[in-house]
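Here is the structure we will look at, set down as structure tokens.
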Amino acid sequence: MSAPVKYSIQTRDLNLWYGDFQALKNVTVDIRHGLITSLIGPSGCGKTTLLRCFNRVNERYGYVTTKGEIRLLGKNIYDPDVSLIELRRAVGMVFQRPNPLPISVYENVVFGLRIHTPRRQLGRGVLDAAVEKALTEVGLWTDLKDRLKQRATELQLEQQQKLCIARLLPLKPDIILMDEPCSALDVEGTRAIEELMFELKGRYTIVIVTHNMAQARRASDECIFMLLGELIERRRTEDLFLNPGDSRTAEYIEGRYG
Ligand SMILES: Nc1ncnc2c1ncn2[C@@H]1O[C@H](COP(=O)(O)OP(=O)(O)O)[C@@H](O)[C@H]1O
Ligand SMILES: [Mg+2]
């Protein structure tokens, strides 16, 4: 029997430049499998940039250069045989503003399946089952089962954000990346998304960018603190907050900058 996977994401000496500007500097980090990891640090320190390396979306900008290694579940994502389509199926992403497509709830959930699966394998029964399963997993099924034809952009923001998570699930991702997923939501919506993250944990590895210290503390198992493109430390959340290993982390969590 093979050993259980300990880390879903591992970077080694990862450097990234936007043109001449270096946004990531020798980032070497291991992200635990099946847990929730927060990326924290002052605005502009490179949290979003690091997150977007994990599914190689930074490369959409022509002026980005990346050096170093990124392994997802042991596989180097820069290997020539890696398919970007497959990578982005395995690594789903959720953004600051919920961005469902302006089509029905149902079609949002099956959108990825339709792209990734040959049409003949997608009968009505398969699609219906996928919709029910994904909406159930994010806690929307009861509310939306009689409104599947409603336009997704008409839902409440919290429901829209949950739907954006739901539409990743039929593709069976390994990793879900969330970039400040609660920044458009109120306190209730934020709590609901945090509860959902707890539900999803274990089945998926979750990496969340947040500028909200209270959220990082409540919602994550591990925290990574970044400053000016460098990784300062990764620790279990309670250790990072109670016993930071670096004076710069201590200053940040005490609110002295950022
Ligand atoms: N598309 C881009 N082009 C050029 N510079 C960028 C781009 N995106 C981010 N940056 C710069 O890279 C640095 C890190 O940005 P970012 O990763 O968005 O930080 P954070 O998410 O921690 O606020 C910042 O100085 C930012 O201005
Ligand atoms: Mg950001």
Side-chain angles (χ1 to χ4, degrees), residues 9-29 31 36-70 72 77-78 84 87-88 91-99 157 160-161 164-165 168 175-185 189-190 193-194 197 205-220 222-235 237 240-241 244 246 248-258:
I9 306 174
Q10 299 180 291
T11 73
R12 294 293 175 266
D13 291 319
L14 181 64
N15 290 280
L16 182 142
W17 292 262
Y18 294 109
D20 295 335
F21 173 74
Q22 187 166 11
L24 295 178
K25 297 172 187 163
N26 290 313
V27 173
T28 291
V29 72
I31 294 181
I36 302 173
T37 297
S38 288
L39 297 182
I40 62 171
S43 177
C45 71
K47 304 180 295 295
T48 295
T49 302
L50 180 60
L51 198 72
R52 292 164 61 93
C53 283
F54 300 149
N55 58 0
R56 291 181 54 184
V57 285
N58 286 319
E59 292 164 38
R60 286 191 189 156
Y61 308 113
Y63 54 95
V64 168
T65 322
T66 312
K67 282 213 177 88
E69 198 176 281
I70 304 176
L72 296 190
I77 65 172
Y78 292 110
L84 282 183
L87 176 66
R88 290 175 193 155
V91 187
M93 195 155 187
V94 180
F95 302 88
Q96 301 193 1
R97 287 214 57 89
N99 61 346
L157 278 179
Q160 289 188 27
Q161 196 60 307
C164 289
I165 297 170
L168 305 175
I175 297 165
I176 300 179
L177 308 176
M178 301 185 176
D179 194 352
E180 308 210 18
C182 302
S183 61
L185 305 180
T190 299
I193 297 296
E194 289 175 8
M197 286 163 52
T205 299
I206 298 177
V207 187
I208 175 179
V209 169
T210 178
H211 62 261
N212 179 336
M213 288 301 97
Q215 175 166 66
R217 206 166 174 169
R218 274 193 306 267
S220 55
E222 300 225 320
C223 281
I224 292 169
F225 174 61
M226 295 177 67
L227 198 58
L228 295 170
E230 285 183 63
L231 181 138
I232 306 300
E233 61 179 305
R234 168 180 72 90
R235 286 188 169 229
T237 299
L240 186 119
F241 282 95
D246 190 289
R248 291 166 292 181
T249 316
E251 285 170 21
Y252 181 68
I253 61 180
E254 285 162 17
R256 276 192 243 160
Y257 55 90

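Note that the numbering runs from 1 along the sequence shown for the chain. As the structure lists them, so they are numbered: ligands from 1, and atoms in each ligand from 1.
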[atom1]/[X] to [atom2]/[Y] distance, rounded to the nearest 0.5 angstrom?
X    : Y    : atom1 : atom2 : result
R97  : Q161 : CZ    : CD    : 9.5 Å
E194 : S220 : CD    : OG    : 9.5 Å
S38  : K47  : OG    : NZ    : 11.5 Å

Taking the side chain as everything from C-beta on, heavy atoms only, tell me whether [X] gets closer than 4.5 Å to [Y].
X    : Y    : result
L240 : I40  : yes
I175 : F54  : no
I253 : R217 : no

**Q.** Distance below 2.8 Å from the Mg ion (ligand 2): protein N/O/S atoms
**A.**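 Checking every protein N, O and S atom gives T48 OG1.
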
Just list the side-chain donor-acceptor pairs under 3.5 Å for residues 13-20, sequence neighbours left out, or say none.
residue : atom : partner : partner atom : Å
N15     : OD1  : Q22     : NE2          : 2.8
N15     : OD1  : N26     : N            : 2.9
N15     : ND2  : D13     : O            : 3.2
N15     : ND2  : N26     : OD1          : 3.2
Y18     : OH   : T49     : OG1          : 2.7

Q.
Can you confirm whether the side chains of R88 and N55 place a donor and an acceptor under 3.5 Å from each other?
A.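 Short answer, no.
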
Q: Can you sort out the partners of D246 under side-chain contact (heavy atoms from CB on, under 4.5 Å), two or more places apart, ordered by chain and number?
A: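 Once residues adjacent in sequence are excluded, the partners of D246 under the side-chain contact (heavy atoms from CB on, under 4.5 Å) criterion are I232, E233, R248, T249.
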
For a distance cut-off of 3.5 Å, show me each N or O of ligand 1 paired with any protein N or O, plus the separation.
residue  : atom   : partner : partner atom : Å
ligand 1 : 1 (N)  : Y63     : OH           : 3.3
ligand 1 : 3 (N)  : Y63     : OH           : 3.1
ligand 1 : 8 (N)  : Y18     : OH           : 3.4
ligand 1 : 17 (O) : T49     : N            : 2.9
ligand 1 : 17 (O) : T49     : OG1          : 2.5
ligand 1 : 19 (O) : G46     : N            : 3.3
ligand 1 : 21 (O) : T48     : N            : 2.9
ligand 1 : 21 (O) : T48     : OG1          : 2.8
ligand 1 : 22 (O) : C45     : N            : 3.2
ligand 1 : 22 (O) : G46     : N            : 3.1
ligand 1 : 22 (O) : K47     : N            : 2.9
ligand 1 : 22 (O) : K47     : NZ           : 2.8
ligand 1 : 23 (O) : G44     : N            : 2.7

